[in-house]
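What follows is a short report on a single structure.
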Protein chains: 2
Amino acid sequence: MSELLLDRSRCSVAGTLAVVGEKWSLLVLREAFLGVRRFADFHRILGAPRAVLTDRLARLVAEGILRRVPYQDDGERQRHEYRLTRKGVDLYPTLVALMEWGDRYLAEDGDVPMELRHRDCGAPVHLTLTCEAGHTLDSARDVRPVSGGS
Amino acid sequence: MSELLLDRSRCSVAGTLAVVGEKWSLLVLREAFLGVRRFADFHRILGAPRAVLTDRLARLVAEGILRRVPYQDDGERQRHEYRLTRKGVDLYPTLVALMEWGDRYLAEDGDVPMELRHRDCGAPVHLTLTCEAGHTLDSARDVRPVSGGS
DNA sequence: CATGCTGAGTTCACTTGACGAACCGACCAC
DNA sequence: GTGGTCGGTTCGTCAAGTGAACTCAGCATG
């Protein structure tokens, strides 16, 4: 049972959840991926309390996942909008993984709310587990965890 | 800005988070993937309050992600252990996605806490976005979301 | 039999976090 | 100045997480 001897204290799952695991954070990011940038839009679409939204956006900016960019509409004063950074864009697989599980287990009679297509060829997009030798893995059972680094 | 017109009310990301988005749930599953099955082990390794752990395990069982299996050690009374179901195993990509992001952005000087290897060939395993036509996508930017079903 | 031990909880007092409605301040248009 | 909008902040209430103490079943020991 060597798996039980792996070091959990620095686990990346726990670390990532400490950054984006609070309520609303991942939903804010979902909206950011769908093109939402402004406070009022996040608020209207998500329905999260304003105070929570303020806090989550500030946190995501502090973590370098979103950045606050000034903009100015015609006849409007200057405001700020929130855009994904590279670090934020790299959370995309996490959202896709959550979405695919929900599509499989929560959608009624295969009626999936949203589909992802390859922008170039239009084919449906999925997450797959692959190894660097090029094999496609079917399941978690094909994976062996080993303690890294030290 | 057609992205803003997609239906969010049935979003699978939100749905999945409603099931496994509470504090500790995904960490419980991480341990389950590492082979932990018993209440006392979850408690000792995670350090979560017992009441929360009881609640999360019950919830995951109710959702069909874990199942409660009776077992009996020599000279011990019968107890129950928690094992992943197929539905639970299918959450593996979500955990891998969180882990890979943490490895990239939280690990100090590339010192990754844990590595995943292909059980057959030993090569490191990663999540990749691929389309059904066989292309590998580099980024979220290569994806176009379209409203599904209806 | 009485006692103690262990695993798997439950109870409880306390602190933290989320909620929703109201309020605020800058800026623009009229 | 009056009104409107955006992006907040404040506040009272309510839900959730925390940690320590307590419970209970069943096995083992003397």
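All figures in this text were calculated on a predicted structure; none of them were measured in a lab. In what follows, chains carry the letters A, B, and so on, assigned in the order in which the sequence lines appear, proteins first and then strands, with residues in each chain numbered from 1.
OP1 or OP2 of dT18(D) has at least one side-chain nitrogen or oxygen of W24(B) nearer than 4.0 Å. Taking only side-chain nitrogens and oxygens, K23(A) comes nearer than 4.0 Å to OP1 or OP2 of dC19(C).
Applying the 3.5 Å distance criterion, the base of dC6(D) shares a donor-acceptor pair with the side chain of R77(A).
dG17(D) atom P lies 11 Å from atom CZ of R59(B), rounded to whole Å. The distance from atom CG of L53(B) to atom P of dG19(D) is 13 Å, rounded to the nearest whole Å. Rounding to whole angstrom units, NE2 of residue H43(A) and C1' of dG7(D) are separated by 10 Å. For the pair R44(B) CZ and dA8(C) P, the computed distance is 11 Å after rounding to whole Å. Atom P of nucleotide dG7(C) and atom CZ of R37(B) are separated by 17 Å, given to the nearest angstrom. Between the C1' atom of dG7(D) and the CG atom of L46(A) lies a distance of 15 Å, rounded to the nearest Å. Atom-to-atom, CG of D55(B) to C1' of dG17(D) comes out at 10 Å; the value is rounded to the nearest Å.
For R56(A), taking side-chain heavy atoms from C-beta onward, the closest of the listed nucleotides dA18(C), dC28(C), dG7(D) is dA18(C). When distances run from any side-chain atom of P49(A) to the nucleotides dC19(C), dT18(D), dA8(C), the shortest one goes to dC19(C).
In this structure, R79(B) and R79(A) both approach DNA chain C, and ranking their closest nucleotides by distance from the 5' end singles out R79(B).
The pair R117(B)-E115(B) meets the salt-bridge criterion, since a charged nitrogen lies less than 4.0 angstrom from a carboxylate oxygen. Salt-bridge formation is detected for the pair D90(B)/R86(B): a Lys NZ or Arg NE/NH1/NH2 atom is positioned less than 4.0 Å from an Asp or Glu carboxylate oxygen. The residues R10(B) and D111(A) are annotated as salt-bridged, a charged nitrogen and a carboxylate oxygen being separated by less than 4.0 angstrom. A salt bridge is absent between D55(A) and R50(A); no separation between the charged side-chain nitrogens and carboxylate oxygens falls under 4.0 Å.
The residue Y71(B) sits close only to the backbone: its heavy atoms come under 4.0 Å of sugar-phosphate atoms, none of a base. Counting non-hydrogen atoms under 4.0 angstrom, V52(A) reaches the backbone sugars and phosphates but no base.
Using the six-membered ring where Trp is involved, Y105(A) and W101(A) have ring planes that are tilted, between 30° and 60° apart. Ring pair F33(B)/Y92(B) is tilted by interplanar angle, where 30° to 60° counts as tilted.
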Report summary line: Reading nucleotides 9-16 of chain C from 5' to 3' and marking B where a protein heavy atom lies under 4.0 Å of the base, S where only the sugar-phosphate is that close, and - otherwise, the string is BBB-----
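Expressed to the nearest 0.5 Å, how far CG of L60(B) lies from CD of E22(B) amounts to 8.5 Å.
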